[in-house]
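A short write-up of the structure that comes next.
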Amino acid sequence: MRLIDAQWIEWKIALRFLADNRLQSLLIIVGIAVGAAVIVFITALVTGLQANVIQRTLGTQAHIRVLPPDEVNRVPAPADGAVALNLENPRAQRLRTIVNWQDVRDLLDARGELRAVSPLISGPAIARRGVARASVNLLGIDPERYQRIIPIAPDLIAGRFHIEAGHAVIGKELAEDLGLGVGDKLRLDAGGGREVVVDVSGIFELEVRELDARYVYLDLKQAQALLDLPGGVTVIETAVDEIFQAEAIAERLARLTGLKAESWMATNGQLLNALRSQTMTTQMIRLFVGLSVAFGIASVLAVSVVQRTREIGILRAMGSPRGQILRVFLLQGGLLGLAGSGLGGLVGWSLVQVFNTFGPGLFFIPVDPALIPTAMAVATVTGVLAAAMPARRAARYDPAVAIRYV
Amino acid sequence: MSEFARDQEVLRLAGLGKAYNPGTPLEQQVLHDIELRLSRGELTALIGPSGSGKSTLLNVIGLLDSPTAGELYLLGQPTRDLDDGARTRLRNESIGFVFQFHHLIPAFSVLDNVLMPLMIRHGKPRAEDVALARELLEAVGLAEFAQKKANQISGGQQQRVAIARALVTRPALLLADEPTGNLDTKTAETVFELFRRFNREFGCAVLVVTHDPRLAASCARTVQLVDGRIVSDRTSA
Ligand SMILES: Nc1ncnc2c1ncn2[C@@H]1O[C@H](COP(=O)(O)OP(=O)(O)OP(=O)(O)O)[C@@H](O)[C@H]1O
Ligand SMILES: [Mg+2]
C-alpha cells in the first residue's frame with residue numbers, strides 16, 4: 001500500500017482514464033482474457049497429459065535397472081610392432097548373476113536418491129497346462145521390495161499377491177491363454193529338465209499386453225533354482241524420487257558399482273522426445289499468444305495516448321513531471337494485463353473443470369495452484385512492458401504543443 | 001501572501017526573443033527583444049492583433065516553451081538553464097494557467113479538477129487542500145457543482161472552474177490566454193471580475209491576453225504587442 005500511497009495520483013489518473021474509456025478498456029480486457037484462458041488451459045492440459053503419460057509408463061517400469069556388464073571377447077594384445085586382424089563374433093549373453101549382489105543392494109539401499117531397491121532374477125521358461133503352452137518370463141522377487149517399485153497388488157483382478165514357494169502370480173492374458181483361474185496348477189519348464197508345478201495364487205492386469213501375457217512372479221529362491229542360478233539375481237531394479245534425474249543417477253550408479261545401469265529415460269527415448277517437442281510446442285503457443293496480447297495492449301494505449309494528448313498537455317502545464325505521465329500509462333498497461341489475466345485465468349480454470357467433468361474422461365487435469373497467479377504476474381509485467389512505448393511517447397509530449405491539440 | 005511587498009518583482013524578461021523552428025528553412029522569429037517586468041499585485045492586459053505573438057509570449061512566460069534569446073527571471077531566479085524537471089516544478093508552484101478553451105480534464109469531477117495541481121504535487125489531497133478548493137469554488141459561484149463531471153457544466157462555468165484551479169496553488173503569477181474569448185459579454189465580465197478580485201485578494205500578478213478593448217481598459221496596465229515587439233506599455237493612474 002505504500003507504493004499506492006507514494007503514487008497516489010498516478011493510480012487515480014490511470015484508473016480514471018481506464019474507467020472513462022470504458023468500451024475500449026472492456027474490449028482489450030476481454031482480448032487479454034481470451035489469451036490468458038488459452039494459455040492457462042493449454043498449460044494445464046499439457047502438464048496433466050504429460051504427467052499422466054509418464055505415470056502410466058513408469059507404473060510398470062523400474063526407473064533404473066542395474067545389470068551385470070555385457071560379456072565381451074577378450075582379445076590378446078598383439079606383440080610389439082605386429083598388427084593383428086581379428087574377426088570377432090559378439091558373444092551370446094547368457095543368464096548371469098550380479099556378482100556380490102547383496103553388497104550392491106546394501107550400497108544402493110544406503111543412497112538417499114533411490115526410493116526403493118529390489119533385486120530380482122528374471123529368465124525365460126515355458127508355461128504348460130495340459131497341452132496348452134506359452135512362453136513366459138519368470139520373475140523371482142522379494143515381494144515386499146518389488147511392490148515398492150511396481151505395486152502389483154492394486155492391479156490384481158483375482159486372488160492375492162501371494163509369493164512363496166509353490167505359488168505364482170500371473171497376468172490376465174496368460175491366464176486366459178492357458179485357461180487358468182486362481183488355485184489352478186501351472187507347470188513351469190525352464191529347460192535342462194528343471195520343472196516345477198505351482199499354484200496360481202493371483203491374477204493381475206497391468207493393461208500392458210506384453211506384461212499381462214508373459215510375466216510370472218515367483219518366489220526368489222524358487223526362480224533361482226528353476227533358472228539354475230542358485231543364490232543369484234540378474235538385475236536390481238530401483239526407483240528414484242526425481243524421475244527426470246534418472247539418467248544422471250544411472251550414470252553415477254554405473255560408475256559407483258562398475259555394473260550396467262539403464263534408466264527409464266534411456267529405454268524410452270522416443271517417448272521423451274515426443275514429450276519434449278510437445279513442451280516446445282506449448283511454449284511456442286504461449287509465446288505467440290503472449291506477444292499478441294502485448295501488441296493488443298500496446299495498440300490500445302497508443303490510441304489512448306493520442307486521444308488524451310490535450311489532457312496530457314494540461315497535466316504537464318499544471319506541473320506534472322514527465323515521470324508521472326510515464327507511470328500513469330505504465331500503470332494502465334499493468335492494470336489491463338492484471339484484470340484481463342485474472343478474468344482469463346478464471347475462464348481457463350473453468351474450462352479445465354468442464355474438461356474434467358464432461359470431457360472424454362481419459363485422464364484428470366490437475367491445476368497447479370501456482371499456475372493462475374503466475375499467469376497473472378506475467379501478464380501484468382507484460383502489460384507494463386507493452387505500455388512502455390506509448391507511455392514514453394506521452395511523457396515526451398511538448399506541453400505547449402499538446403495544449404493546442406484538438 | 002502578505003510577506004511579499006507590493007512592488008516585489010514576480011517576472012522580468014530581458015532581451016527575450018523566440019523563434020519557431022530555429023535553424024531550419026521554416027525559421028520564424030515571433031518575439032523580438034522583449035523587456036517586461038511584472039510586480040506582485042499587478043493586473044496587466046496583453047493586447048495586440050492576431051498573430052502578433054501573444055500566445056507565444058504567454059507560453060514562454062509560463063515555462064511551457066523556451067525562449068531562443070534573452071533571459072526570463074521568475075521570482076528573481078533565472079530560468080534559461082533549468083532542466084525540464086525544475087521548470088515543471090516551478091510551473092506547479094508559482095504559475096497558474098487559464099486557457100482559452102477551459103481545458104479541464106473531463107474524466108474528473110469539478111472538485112478533482114480544482115485539486116489537480118495539488119494532487120500532482122503531493123498526492124492524496126489533505127483536508128486543508130479540499131477546504132481551499134471548496135472555498136475557491138464558492139468564490140467562483142460553483143460550490144454546488146463540486147461533484148459534477150467537468151464536461152457536464154457550461155462553458156462559462158468551466159472557465160470559472162479553470163480559474164479556481166489556477167489559483168488553488170496560490171501562484172505568484174496567473175497567466176490567462178483569452179480566457180473570455182468564447183464567452184458571451186456578460187459571462188466574460190463575470191469571469192474578468194474574478195481576475196480583478198483574486199488579484200486584489202491574493203496579490204498575485206495577473207497577465208491576461210484579451211481582444212476585448214473594454215476588458216483591457218478595466219486593467220490598471222496595458223501592454224500592446226505588434227509583430228512580436230512591445231509597442232506600448234501604459235499604466236492608468
Ligand atoms: N508551434 C508553432 N510553430 C510555428 N509557428 C507558430 C507556432 N505557434 C505560433 N506560430 C506562429 O507565431 C506567430 C504568433 O502566433 P501566436 O499564436 O503567438 O499569436 P497570437 O498573438 O496569440 O494570435 P491570436 O490572437 O490569433 O491568438 C504566428 O505567425 C504563428 O503562425
Ligand atoms: Mg493566441
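Chain letters run A, B, ... following the sequence lines, proteins first and then strands; every chain starts at 1.
- With a 6.0 Å radius and a threshold of 12 heavy atoms from other residues, nucleotides or ligands, D227(B) has its CG atom at or below the threshold.
- The candidate from P117(B), A166(B), G96(B), G62(B) with the greatest count of non-hydrogen atom pairs under 4.5 Å with chain A is P117(B).
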Evaluate the side-chain contact (heavy atoms from CB on, under 4.5 Å) criterion for residues I9(A) and M116(B): first the C-alpha distance (whole Å), next the side-chain angles of each, then the deciding distance (0.1 Å), finally the verdict.
CA-CA 9 Å; I9(A) 188 63; M116(B) 193 56 75; 4.0 Å; yes
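- Here the side chains of I314(A) and R165(B) are in contact, with some heavy-atom distance below 4.5 Å.
- A 6.0 Å sphere centred on CZ of R121(B) holds more than 12 heavy atoms belonging to other residues, nucleotides or ligands.
- You'll find the side chain of R16(A) reaches within 4.5 Å of the side chain of D112(B), heavy atoms only.
- The shortest distance between side-chain heavy atoms of S320(A) and N92(B) does not fall below 4.5 Å.
- Contact of the P321(A) side chain with the R89(B) side chain is not registered, since no non-hydrogen atoms from C-beta on lie closer than 4.5 Å.
- Proximity to chain B (any heavy atom under 4.5 Å) is restricted, for D398(A), to the side chain, taken from C-beta onward.
- At least one side-chain heavy atom of W8(A) sits less than 4.5 Å from a side-chain heavy atom of M119(B).
- The number of heavy-atom neighbours closer than 6.0 Å to NZ of K12(A), taken from other residues, nucleotides and ligands shown, is above 12.
- At a threshold of 4.5 Å between non-hydrogen side-chain atoms, the residues D20(A) and K149(B) count as touching.
- Evaluated for a side-chain contact (heavy atoms from CB on, under 4.5 Å) with P399(A), the options D84(B), D65(B), L64(B), T88(B) yield exactly one hit, L64(B).
- Interface remark: S109(B) contributes backbone atoms only to the contact with chain A (heavy atom separation under 4.5 Å).
- Nearest approach of F99(B) to I403(A), heavy atoms of both residues: CZ-CD1, 3.2 Å.
- The local environment of CZ in F295(A) is sparse, with at most 12 non-hydrogen atoms from other residues, nucleotides or ligands closer than 6.0 Å.
- Annotation for E138(B): atom CD does not count as buried by contact number, only 12 or fewer foreign heavy atoms lying within 6.0 Å.
- Separating the CD1 atom in I105(B) from the CE atom in M318(A) is a distance of 4.5 Å, to the nearest 0.5 Å.
- In E242(A), the CD atom is not crowded: 12 or fewer heavy atoms of neighbouring residues, nucleotides or ligands sit closer than 6.0 Å.
- Side-chain contact between R91(B) and R316(A) is present, with heavy atoms from C-beta onward closer than 4.5 Å.
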